[in-house]
Amino acid sequence: MSRQREKRAGKTIPNVGGMHRSKHRLEIQDVFCKNVCLTNLQLRDFPHQLFEKHKHKKHRPFDFATINTIKLSSNKISRIPAQISWCKHLTSLDLSHNLLNHVPEEINDLGHLEELRLHHNKLATLVPLCGLPRLRFLDLGVNRLTSMPVCPNNIEVLIIKANQIRVIEGLGACQHTLLSLDASANKLTAVSLVADRLETLCLHVNQLATFPDITAPCLQELNLKHNSIVEVPSSVGELRLLRVLGLDRNRLVRIAPHVARLRRLVTLRLEHNRLGSLPTLAELEHEETAGGVGADDAAATKGADAATAAHHVTSTATAADEAEGRPPRLLARLRDVTLHHNLLAGFPEDNVFAESEVATLDLSHNPLDRTGHMTGLRQLPALQDLNLSHSQITELPILTPCVRLEQLRLVNCRKVRALPAWLFELPCLSTLNAERCAIATIDCDGPGRALATIDLRHNALKQLPEAMVASPVLATLLASDNDLADLPFTLLEAQRLRHLGLVGNPRLSRPPGVGRTASDPRPWLKMLEDMELPPK
């Protein structure tokens with residue numbers, strides 16, 4: 001059958017790069033193709049047509065010098081032929097998601113190779129890749145490697161996640177060029193490395209019992225979650241450009257005061273640990289004084305800024321300090337702090353986050369038991385999102401200085417019995433979630449300026465304040481499963497109300513004036529009628 005008939009019969013499936021898959025064979029159509037893409041075709045062998053002359057007299061031998069990219073991912077290839085070295089100008093080779101268990105020495109003859117993807121194979125060992133002077137990207141994830149691969153001295157991105165590596169001791173020749181290293185989901189018990197340009201290091205889901213020994217002056221992101229680390233050493237303070245530090249799901253019992261040196265830290269994740277207290281500013285300042293972190297520290301920080309100007313992160317508070325000649329404040333750029341699922345009993349006034357710019361603070365699932373121990377929240381004027389759910393507090397701590405607070409969550413605070421009047425005076429509060437508390441009274445002198453969502457389900461309310469429901473921006477009001485006997489008449493003035501939940505209030509009656517009005521744009525009025533509430 002001719003090629004035209006095969007194509008019309010649907011037996012030939014064209015693919016990228018001049019290669020075609022027919023029912024029984026692969027044929028080369030363009031001897032000058034640059035990109036060969038044969039992905040997800042269930043190939044069991046490397047396509048030999050790349051390395052043999054075409055039998056047809058009208059076709060010339062395949063020109064290997066024209067190939068720049070070979071993509072053979074998601075097949076069943078078990079070996080790489082030695083003839084791969086013929087592709088002298090190959091820049092990208094993708095053999096991921098195959099069955100490879102060996103890489104030939106001839107791969108080092110690919111002098112122009114820049115990207116090599118061998119992830120999701122069965123490699124237990126790997127030949128040294130010292131003969132690839134232009135290699136920048138190497139992905140060896142999800143294999144069976146037990147030791148660090150030998151990489152060329154110009155590698156920038158190295159991925160070795162989901163292997164069986166136990167120890168990392170140095171980076172060899174690539175310590176001066178490596179920018180990103182992902183060694184997550186291994187069996188690491190010890191890590192010691194020096195990297196001059198390393199910016200991202202992922203070591204999560206390992207078996208580390210101690211903080212890794214890292215010398216990386218340019219490091220910006222460090223992920224150590226899902227390990228067994230119990231202490232953070234003083235060496236963490238040397239990572240002066242660190243912006244993201246993930247220590248969640250470890251066994252930490254305290255936050256080391258050395259984090260005070262991380263003046264560029266933006267995100268700090270400490271959830272699911274065993275923290276019983278937070279360090280105070282006095283402890284941090286003492287650590288800086290004892291460690292000689294003063295003018296010398298500021299000078300070192302400025303030097304690091306000059307070396308990494310492209311990654312410089314500015315802060316309003318820090319810029320003001322520098323303009324007025326004051327030393328930079330502790331953790332002045334911190335924005336997100338997660339501390340849920342710990343053993344914290346309070347949030348002291350002289351806490352580590354005082355005068356910082358923390359916008360999101362999660363203290364849920366902690367045994368917070370006394371309002372007097374929560375006075376440190378007043379020191380966070382930039383706070384926007386506060387979560388105190390699943391705690392033992394008996395009343396809300398005063399948050400009037402938190403003028404930017406937008407969201408407050410108090411879910412399952414079983415000992416909270418009242419909401420104070422100042423809560424509804426916060427100028428930016430838009431979401432209040434107090435579900436499953438024991439709230440019986442709400443003191444509200446006026447409607448919230450920005451309060452659009454109020455969730456009061458599963459409480460002990462007998463009435464809703466008229467001022468609260470008269471908010472001009474109220475869109476969602478959930479008060480199901482309470483003990484409401486009637487609804488305030490001002491509810492009719494809530495023009496933007498779209499969601500109203502009142503199920504589970506057996507004594508509730510319909511307010512006067514509420515009836516079935518087809519032309520009324522307020523859909524919740526019909527909801528009240530459909531609930532078949534008895535008239536008042």
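How far CG of L95 is from CD1 of I84: 7.0 Å, rounded to the nearest 0.5 Å. Within the model, atoms CG of L110 and NZ of K88 stand 7.5 Å from one another, a figure rounded to the nearest 0.5 Å. Between atom OG of residue S389 and atom CZ of residue R409 there is a gap of 6.5 Å, rounded to the nearest 0.5 Å. Note that the NE2 atom of H102 and the OG1 atom of T125 stand 7.5 Å from one another [nearest 0.5 Å]. The distance from atom CD of E156 to atom CD of E114, rounded to the nearest 0.5 Å, is 10.0 Å.
The shortest non-hydrogen separation linking P47 to L72 is CD-CD1, 3.8 Å. Of all the heavy atoms in N186 and A162, the pair that sits closest is ND2-N, 3.9 Å. For D196 against C218, the heavy-atom pair with the smallest separation is O-SG, 3.6 Å. Between H390 and C413, the closest heavy-atom pair is N-SG, 4.1 Å.
Between L380 and S356, the closest side-chain pair of non-hydrogen atoms falls below 4.5 Å. Counting heavy atoms from C-beta on, the side chains of N153 and C174 never come closer than 4.5 Å. Residues D182 and I160 have side chains not in contact (no heavy-atom distance under 4.5 Å, counting atoms from C-beta outward). No side-chain heavy atom of V358 sits under 4.5 Å from any side-chain heavy atom of L331. At least one side-chain heavy atom of L361 sits less than 4.5 Å from a side-chain heavy atom of F347. With contacts defined as side-chain heavy-atom distances shorter than 4.5 Å, the pair T189/V167 qualifies. With contacts defined as side-chain heavy-atom distances shorter than 4.5 Å, the pair I214/L193 qualifies. Inter-residue side-chain proximity for D45 and I77 is flagged as unmet; no heavy-atom pair is nearer than 4.5 Å.
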(message) Between L203 and L188, does the side chain to side chain contact (heavy atoms under 4.5 Å, CB included) criterion hold? Intermediate values first, please.
(response) CA-CA 8 Å; L203 298 173; L188 292 173; 3.9 Å; yes
(request) Verify side chain to side chain contact (heavy atoms under 4.5 Å, CB included) between V266 and L334, making sure each step is shown before the conclusion. (result) CA-CA 4 Å; V266 176; L334 197 59; 5.8 Å; no
(request) Could you walk me through whether L388 and M374 pass the side chain to side chain contact (heavy atoms under 4.5 Å, CB included) test, one step at a time? (result) CA-CA 11 Å; L388 298 175; M374 304 294 293; 3.9 Å; yes
(message) L43 vs L38, test: side chain to side chain contact (heavy atoms under 4.5 Å, CB included). Steps then yes/no.
(response) CA-CA 9 Å; L43 299 177; L38 295 168; 4.1 Å; yes
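For the pair E406 and R404, the salt-bridge criterion is not met [side-chain N within less than 4.0 Å of a carboxylate O]. The pair E221-R243 fails the salt-bridge criterion, with no side-chain N (NZ, NE, NH1 or NH2) lying under 4.0 Å from an Asp/Glu carboxylate O. A salt bridge does not link R197 with E199: every distance from a Lys NZ or Arg NE/NH1/NH2 to an Asp or Glu carboxylate oxygen is 4.0 Å or more.
A search for side-chain hydrogen bond (donor to acceptor under 3.5 Å, both in side chains) contacts involving H112 returns nothing, not counting sequence neighbours. In terms of the side chain to side chain contact (heavy atoms under 4.5 Å, CB included) criterion, residue partners of H340 (sequence neighbours excluded) are, by chain and number, E271, H272, T338, D362, S364. In this view, S92 satisfies the side-chain hydrogen bond (donor to acceptor under 3.5 Å, both in side chains) rule with no residue, not counting sequence neighbours. Applying the side chain to side chain contact (heavy atoms under 4.5 Å, CB included) test to K225 and every residue at least two apart in sequence or in another chain returns H204, N223, D248.
Enclosure of atom CD in E169 is not indicated, since only 12 or fewer non-hydrogen atoms of other residues, nucleotides or ligands lie within 6.0 angstrom. In this structure, R136 places its CZ atom where more than 12 heavy-atom neighbours from other residues, nucleotides or ligands lie under 6.0 Å away.
The ring-ring contact (aromatic ring centres under 6.0 Å, His included) analysis of residues 119-142, with sequence neighbours excluded, yields the pairs H97-H119, H97-H120.
With T177 contributing its side chain and I155 its backbone, the two residues share a donor-acceptor pair below 3.5 Å.
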Check: residues 140-148 side-chain donor-acceptor pairs under 3.5 Å, at least two apart:
unit_1, atom_1, unit_2, atom_2, d
N143, OD1, N121, N, 3.3
N143, OD1, K122, N, 3.3
N143, OD1, L123, N, 3.0
N143, ND2, L118, O, 3.1
N143, ND2, L140, O, 3.0
N143, ND2, G141, O, 3.1

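Of the residues listed (V253, L343, I255), the one engaging L275 in a side chain to side chain contact (heavy atoms under 4.5 Å, CB included) is I255, and it is the only one.
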